[in-house]
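Below is one structure, written out as structure tokens; comments come after it.
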Amino acid sequence: MAPPTEHPHIVVHSPALDGSRRVTSDDDTLGIATHADDVAEILRLADLYVTDVEGTDLIEWQGGGPDDWPGLSEHHTT
């Protein structure tokens with residue numbers, strides 16, 4: 001089966017005061033992310049399989065890129 005030719009407009013919004021970021025597709029909120037891995041999981045759960053959330057041009061990162069999670073870096077271990 002060929003992949004769909006149109007992709008939804010996926011946006012990772014600017015960080016909230018706690019550092020989390022809202023992920024939306026068009027007008028729908030898909031979830032709240034606290035790390036780039038969360039973005040990938042949120043998209044997977046929405047049947048939007050994007051394996052490289054940091055390198056794709058399908059995601060619009062607002063207020064900073066995939067490495068910008070202010071206030072949360074001390075809480076996430078790699």
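Values reported hereafter were calculated over all heavy atoms of this structure, with side chains retained and with hydrogens, waters and symmetry mates removed. A quick note: this is a predicted structure, and the numbers were derived from the prediction, not measured.
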*Compare all side-chain heavy atoms of I59 with those of V11 and state whether any distance is below 4.5 angstrom.*
no
_Point-to-point distance, once rounded to the nearest 0.5 Å, from CZ of R21 to NE2 of H35_ = 11.5 Å
_If you count every heavy atom of other residues, nucleotides or ligands that lies below 6.0 Å from L17 atom CG, does the total exceed 12?_
no
*Quick one: CG on L43 to CG on L58, what's the gap to the nearest 0.5 Å?*
9.5 Å
*Which heavy atom in G63 sits nearest to a heavy atom in S14, and how many Å separate them?*
CA-OG, 3.4 Å
*Without hydrogens or angle criteria, can the side chains of S25 and H9 be said to hold a donor-acceptor pair below 3.5 Å?*
no
_For the residue pair D38 / T34, report whether a side-chain donor-acceptor contact shorter than 3.5 Å exists._
yes
_Applying side-chain contact (heavy atoms from CB on, under 4.5 Å) to I32 and V23, what does each step give before you reach the verdict?_
CA-CA 6 Å; I32 303 296; V23 181; over 6 Å; no
*asked:* I want to check something: taking the side chain as every heavy atom from C-beta on, are T24 and D28 in contact at a cut-off of under 4.5 Å?
replied: no
*asked:* Using every non-hydrogen atom in the two residues, find where P66 and A36 come nearest and quote the distance to one decimal.
replied: O-CB, 3.9 Å
*Relative to each other, are the rings of W69 and W61 parallel, tilted or perpendicular (30° and 60° limits)?*
perpendicular
*So, for A33 and V39, which heavy atoms are closest and what is the spacing to 0.1 Å?*
CB-CG2, 3.7 Å
_Pairwise side-chain contact, R22 with T29, heavy-atom cut-off 4.5 Å (strictly under)_ = yes
*Between L48 and L30, is a side-chain contact (heavy atoms from CB on, under 4.5 Å) present by the stated rule, with each step listed?*
CA-CA 11 Å; L48 303 169; L30 301 177; 4.1 Å; yes
